[in-house]
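Position 1 is the first residue of the sequence, and the numbers go up from there. Each ligand, and each atom within it, is numbered from 1 in the order the structure gives.
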Amino acid sequence: MTFPITDRTPIRFPGPPPADADVVVIGGGVIGVMTAWFLRDQGLRVTLCEKGRIAGEQSSRNWGWVRQQGRDPAELPIMVESMRIWQRLAQEIGPGLGFRQTGVLYLADSVAQMARYEGWLPHARANGVDTRALSAAQVAALLPQAARTWTGGLWTASDARAEPWVAVPTLAQAAARRGVTLVESCAVRALDIAAGRVAGVVTEQGRIRAGRVVVAAGAWSRLFLGAHGVRLPQLSVLATVAATAALPSVFDGAATDSAFAFRRRADGGYTLAPSDHHDFFPGRDALASLRAFWPVVQQDWRHTVLHPFAPKGFPDAWSTPRRWSPDAATPFERCRILNPAPNGRIIQRLRDDFALRFPALGRPPLTAAWAGMIDTLPDVVPVVDHVAAIPGLTVATGMSGHGFGIGPGMGRVVAALVTGTDPGHDLSRFRLARFSDGTRLRPGPSL
Ligand SMILES: Cc1cc2nc3c(=O)[nH]c(=O)nc-3n(C[C@H](O)[C@H](O)[C@H](O)COP(=O)(O)OP(=O)(O)OC[C@H]3O[C@@H](n4cnc5c(N)ncnc54)[C@H](O)[C@@H]3O)c2cc1C
């Protein structure tokens, strides 16, 4: 069982990169690709550098949920816009994205959980989202083949799914046709800084002059920024996912209860994941950020299993250097694609979890299993901001486990930020300075 995008996947955009650009984007995940897309729409010359393969990390390893439901109130208006952009992209690009509005369903195991779900409804109403609270009988009507019952549910029929293995690579190809220059296997080693501001980047394939740079480096952003003295309290957890072979339909959308999440894929299989388990490999960064993460640790410790050492090459491995010379290979080239081993015990559990809920189908055969490192910030919302200390530098990272769905909308917002036009949304919750100016960090809703 292998995961489709690895460092053996053929390079589609070999470069070399140009010597000049208006903007360089670091990172070819959904945030980088969509930021580049919207910058190009404004007529700018954009070069995107990806150290491995487009969408090789989180952006192809995720569950494929495109959800408004349960979002932090500050993210929700951007997500509503993102849904409109997904709709437009699906019309323009066709079925390749696998985008379908088949709904997202949260299943409540208790009255207390149902009350938390209902507590989110005012945010839906304020943003015109069609979320509804469901009774146990209404849930049973949506899942007629389920062998168990739930107290109730939260249901957003307009929420969607898309196919992560193909969606972002397909968007990247469309971006290239629109004039974005993409270069894979091209790690950015460092910023080129002159007279105190961004003058470009130093890549493993040479220097690119550019007055503006966007860091959309996912789980590597802390390492990259830290080398330039920019502090970002970002950590990552390992999440295991499995794909079943095609099965008779039990539900066409995406659903989760407090232990198990599943989503119907375009190929008729289901993508399965635990909703109550992450593996965590603390390194130096984790120790340094323990205090900042304490509120989330208190909320989530039951679901997080600690392992003593991060595997070699991980951004927060003890052996990963925090400083390097731009003249030699850096940690970014040494780990082209963060492709951690999935948790074998969880993979087996997922088959049991599926069979428990849908016994008529039994333990499903799996066609793939993989893991991804989810990058997160202490308040579980991203940083989308300029770096005041380094004019010309913008950061868009820390999507905290829900950046796939919001990616297109976030790309539009980041592009506006870079060009100094009105982003159209209040971005104050996403300020970088919140980690240093005494702001009390509030984690987003935990439903
Ligand atoms: C298992 C799992 C399930 C998830 N489920 C969902 C879901 O259902 N719905 C949802 O909305 N979100 C989900 N997410 C979260 C979502 O996938 C991420 O938030 C989103 O993909 C982040 O996009 P990104 O572009 O910020 O980062 P990434 O996709 O990680 O991309 C960052 C890229 O930057 C590159 N890079 C790093 N450093 C450098 C450098 N120095 N030079 C060049 N390139 C560099 C990396 O190689 C990487 O490709 C899930 C994530 C995981 C792992």
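To the nearest 0.5 Å, atoms OG1 (T320) and CG (L223) are separated by 7.0 Å.
Taking the centre of each ring, F280 and F293 stay at or above the 6.0 Å mark. Between F404 and W86, the ring center distance clears the sub-6.0 Å criterion.
If you check the side chains of D109 and S258, you find a donor sitting under 3.5 Å from an acceptor. There is no side-chain donor-acceptor pair under 3.5 Å between Q68 and T156. At a cut-off of 3.5 Å, with distance as the only test, no side-chain donor of D252 or T102 sits close to an acceptor on the other residue. Counted by atom type alone, R161 and T271 present zero donor-acceptor pairs between their side chains at under 3.5 Å. A donor atom on one side chain and an acceptor atom on the other are not found under 3.5 Å apart for T170 and Q173.
For atom 27 (O) of ligand 1, the closest heavy atom belonging to the protein is G218 CA, 3.6 Å. Closest to atom 9 (N) of ligand 1, if we only count protein heavy atoms, is W65 O, 2.8 Å. Protein heavy atom in closest approach to atom 42 (N) of ligand 1: V188 N, 2.9 Å. At the top of the distance list for atom 19 (O) of ligand 1, counting protein heavy atoms only, stands G403 N, 2.9 Å. Nearest protein heavy-atom contact of atom 34 (O) of ligand 1 is G27 CA, 3.2 Å. Summary of contacts: the protein heavy atom closest to atom 13 (C) of ligand 1 is G401 O, 3.2 Å. Residue, atom and distance of the protein heavy atom nearest to atom 30 (O) of ligand 1 are Q58 NE2, 3.1 Å. Ranking the protein heavy atoms by distance from atom 31 (O) of ligand 1 puts G29 CA, 3.4 Å first.
Within ligand 1, counting atoms from 1 as listed, the ones closer than 4.0 Å to a heavy atom of V241 are 1 (C). Residue A216 approaches ligand 1 through these ligand atoms, each under 4.0 Å from one of its heavy atoms: 32 (C), 34 (O). Atom numbering of ligand 1 starts at 1 in the shown order; those under 4.0 Å from a heavy atom of I31 are 23 (O), 24 (P), 25 (O), 26 (O). Using a 4.0 Å cut-off to heavy atoms of I374, the atoms of ligand 1 that qualify are 51 (C), 52 (C), 53 (C). Using a 4.0 Å cut-off to heavy atoms of A239, the atoms of ligand 1 that qualify are 1 (C). Numbered from 1 in the order shown, with element, the atoms of ligand 1 that lie under 4.0 Å from a heavy atom of G405 read 10 (C), 11 (O). In summary, the atoms of ligand 1 found under 4.0 Å from a heavy atom of W220, numbered by their order in the structure, are 37 (C), 38 (N). Those atoms of ligand 1 that come under 4.0 Å of a heavy atom in R61, given as number and element, are 1 (C), 2 (C).
In terms of polar-atom proximity, N62 is counted as a contact of ligand 1, with an N or O under 3.5 Å from an N or O of the ligand. Polar contact check, M373 against ligand 1: no nitrogen or oxygen pair lies under 3.5 Å apart. Considering backbone and side-chain N/O of F404, one or more are found under 3.5 Å from N/O of ligand 1. Between R53 and ligand 1, no N or O atom pair is found at a separation short of 3.5 Å. Residue G56 has no nitrogen or oxygen atom sitting less than 3.5 Å from a nitrogen or oxygen atom of ligand 1, judged on distance alone. For ligand 1, the polar-atom distance check against M399 finds no nitrogen or oxygen pair separated by under 3.5 Å.
For CZ of R442, the number of neighbouring non-hydrogen atoms (other residues, nucleotides, ligands) closer than 6.0 Å is 12 at most. Counting heavy-atom neighbours within 6.0 Å of E92 CD, excluding the residue itself, gives a total above 12.
In W63, the parts holding a heavy atom less than 4.0 Å from any atom of ligand 1 are both the side chain and the backbone. Residue-level proximity to ligand 1 for C49 is carried by the backbone, the only part with a heavy atom below 4.0 angstrom.
Not a single donor-acceptor pair under 3.5 Å links the side chain of S289 to the backbone N or O of A286. At distances below 3.5 Å, not a single donor-acceptor pair connects side-chain atoms of R334 with backbone N or O atoms of G313.
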Test salt bridge (charged side-chain N to carboxylate O under 4.0 Å, His left out) on R222 and D316; report intermediate values, then the result.
CA-CA 9 Å; R222 177 184 190 148; D316 193 21; over 6 Å; no
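Ring planes of F314 and F281: perpendicular class, angle over 60° (limits at 30 and 60°).
Residue K51 holds the heavy atom nearest to atom 36 (N) of ligand 1 of all those in K51, R161, E204, H402. Among E50, R336, H278, the residue whose heavy atom lies closest to atom 46 (C) of ligand 1 is E50. Looking at S185, S59, S236, A187, it is S59 that brings a heavy atom closest to atom 23 (O) of ligand 1. Nearest-residue assignment for atom 39 (C) of ligand 1 (options T240, T330, I26; heavy-atom criterion): I26.
For Q87, the side chain to side chain donor-acceptor pair (under 3.5 Å) criterion is met by Q101, not counting sequence neighbours.
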Give every donor-acceptor pair under 3.5 Å between a side-chain atom in residues 11-21 and any protein atom, sequence neighbours left out.
residue: D20; atom: OD1; partner: R209; partner atom: NE; Å: 3.1
residue: D20; atom: OD2; partner: R209; partner atom: NH2; Å: 3.1

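Contact record, S236 with D375: OG-CA, 3.6 Å, taken as the closest heavy-atom pair.
Residue contacts with ligand 1 do not include T397, since none of its heavy atoms lies under 4.0 Å from the ligand.
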